[in-house]
Asker: 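A single structure is presented below for examination.
Chain naming here is simple, since letters A, B, ... match the order of the sequence lines and numbering starts at 1 in each.
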2 protein chains.
Amino acid sequence: MENKTARFEKLLVKNGLKRTAQRLQVLEILSGRDSATSQPYLEQVMGKNADRVTLYRVLQAFEEKGIIHKVLDQQGTANYAICSDGCSAHEHHDEHVHFNCDNCHKIYCLDTVKIPALKVPAGFKVEHLNLIATGLCASCSDKIN
Amino acid sequence: MENKTARFEKLLVKNGLKRTAQRLQVLEILSGRDSATSQPYLEQVMGKNADRVTLYRVLQAFEEKGIIHKVLDQQGTANYAICSDGCSAHEHHDEHVHFNCDNCHKIYCLDTVKIPALKVPAGFKVEHLNLIATGLCASCSDKIN
DNA sequence: GCTATATTTGCAACATAATTGCATTAACAT
DNA sequence: ATGTTAATGCAATTATGTTGCAAATATAGC
């Protein structure tokens, strides 16, 4: 693979954000995981590399630019995942299903699963759909049974 | 309609909960609204009739017994609605769609809308589905256009 | 490379939300 | 009426999120 850091730097520049150590580290962490990452976990891993406030602001900036998207888990905790291509400041395309494992509490973005269209009562105008499935992920399902 | 308070009292007893003023008032409030009720709103309406801590505990007890169900809105704020029949401590049947209005921020339980079955990757075991639609509710849709 | 400028960060203070322990109060079975 | 257990309120604590501002840092222009 091409130099990952270089790719992240381009991503930042493209979005008018400066290339700072904290931002790069957040991208590094998020990209290295197979599931969405909770804010508390990020906070912990960043440790003294970034102030708590900075993390909030980095995440907020990334979300606004469409670099990452936020998913709330069943406890209301914010989790973040890098957006697949096609997201921008103008428009998020994160209408895929999120899977929240009851056991390991990981949140998986099931990019391949599309949310089926929905019939709503007359008058209601649906803008966005947000579907979270809970249960056991493949890995925990294996371990437990 | 039969005496509402009497019905609530039965509901409490049936679930092994004592008939307290605070619990009855919470049921009263929730039942009198056409959409899910946010915790902050409940807190405000209860006023000095209940301590904030008591409210947390009442809601938690109700949720555990299957009397109400919790829906998180897009901001992660807890909202509560009385469960339709068929919910119990063992099993919630709140797998209908929730609609979060972007304008009035109400959360409607669209009991009539069923969540379509879902194809997930091999190994994943879905236990519950949680679908939140955002957009404009019928009432706001009218007013705005 | 050096400097000017605008952005970003960290700190401190503050605001809000949630949790815990414990003494007091209230419900209700007998 | 009374004893027992559950529920409440209060105080203290912890967690979570926000704001203003001074210091530090990235980078564009020289």
Asker: Measure CG/A:D51 against P/D:dA22 and give the value in whole Å, please.
Answerer: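 Between P of D:dA22 and CG of A:D51: 17 Å.
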Asker: Using whole Å, what does the distance between atom C1' of nucleotide D:dG17 and atom CG of A:L42 come to?
Answerer: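 Going from A:L42 (CG) to D:dG17 (C1'), I get 16 Å.
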Asker: Nearest nucleotide by nearest heavy atom, which residue falls closer to the 5' end of DNA chain D, B:L55 or A:R52?
Answerer: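 It is B:L55 whose nearest nucleotide is closer to the 5' end.
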Asker: List the steps, then state whether ring-ring contact (aromatic ring centres under 6.0 Å, His included) holds for A:F62 with A:Y80.
Answerer: CA-CA 10 Å; A:F62 282 2; A:Y80 295 91; 9.4 Å; no
Asker: Parallel, tilted or perpendicular: which fits the ring planes of B:F99 and B:Y108, with parallel below 30° and perpendicular above 60°?
Answerer: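 Ring orientation, 0 to 90° scale: tilted.
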Asker: Within this structure, what is the CD-to-P distance between B:Q25 and D:dA7, rounded to whole angstrom?
Answerer: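 In whole Å, D:dA7 P lies 18 Å from B:Q25 CD.
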Asker: For A:N100, which of A:N79, A:L72, A:V71, A:I132 qualifies under side chain to side chain contact (heavy atoms under 4.5 Å, CB included)?
Answerer: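 Only match with A:N100 under side chain to side chain contact (heavy atoms under 4.5 Å, CB included): A:I132.
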Asker: What's touching nucleotides 24-30 of chain C from the protein side, N or O pairs under 3.5 Å?
Answerer:
from, atom 1, to, atom 2, distance (Å)
C:dC28, OP1, B:R19, N, 3.1

Asker: Could you check how far CD of A:E43 sits from C1' of D:dT18, rounded to whole Å?
Answerer: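 That distance rounds to 14 Å.
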Asker: Between A:S31 (side chain) and A:L27 (backbone), is there a donor-acceptor pair under 3.5 Å?
Answerer: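 It does hold such a pair.
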Asker: Take the protein atom CD of A:E64 and the nucleotide atom P of C:dT8, then report the distance between them rounded to whole Å.
Answerer: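 Those two atoms, CD and P, are 11 Å apart.
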Asker: Rounded to whole angstroms, how far apart are CD on A:Q75 and P on D:dT16?
Answerer: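 Rounding to the nearest Å, CD of A:Q75 and P of D:dT16 are 12 Å apart.
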Asker: Starting from P on C:dT9, measure out to CE on A:M46 and report it in whole angstrom.
Answerer: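 Taking atom P of C:dT9 as the reference, CE of A:M46 is at 9 Å.
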Asker: Is it the case that the side chain of A:R23 and the backbone of A:K18 share a donor-acceptor pair, with hydrogens and angles ignored and the cut-off at 3.5 Å?
Answerer: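 Yes, A:R23 side chain to A:K18 backbone: donor-acceptor pair under 3.5 Å.
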Asker: As a test of reading the structure: which of D:dA11, C:dA12, D:dT16 is closest to the side chain of A:V53, going by heavy atoms?
Answerer: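 Among D:dA11, C:dA12, D:dT16, the one nearest the side chain of A:V53 is C:dA12.
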Asker: Please classify the nucleic acid contact of B:A61 as base, sugar-phosphate, or nothing, using heavy-atom distances under 4.0 Å.
Answerer: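 Counting heavy atoms under 4.0 Å across all strands, no contact is made by B:A61.
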Asker: Give a yes/no on whether any side-chain N or O of A:Q22 is located under 4.0 angstrom from OP1 or OP2 of C:dG10.
Answerer: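 So the side chain of A:Q22 is within the cut-off, an N or O lying under 4.0 Å from OP1 or OP2 of C:dG10.
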Asker: So does A:L17 get a backbone contact from the side chain of A:N15, meaning a donor-acceptor N/O pair under 3.5 Å?
Answerer: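 It does not hold such a pair.
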Asker: Indicate whether OP1 or OP2 belonging to C:dT8 is found under 4.0 Å from a side-chain N or O atom of A:R23.
Answerer: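 It does, given that an N or O in the side chain of A:R23 lies less than 4.0 Å from OP1 or OP2 of C:dT8.
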Asker: Specify the residue among B:R57 and B:A78 whose closest nucleotide of DNA chain C lies further upstream toward the 5′ end.
Answerer: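 Here B:A78 is the residue nearer the 5' end.
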Asker: Rounded to whole angstroms, how far apart are OH on A:Y56 and C1' on D:dG20?
Answerer: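 Distance, rounded to whole Å: 18 Å.
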Asker: Any side-chain heavy atom of B:V13 sitting closer than 4.5 Å to one from B:R19?
Answerer: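 B:V13 does not reach B:R19 side chain to side chain.
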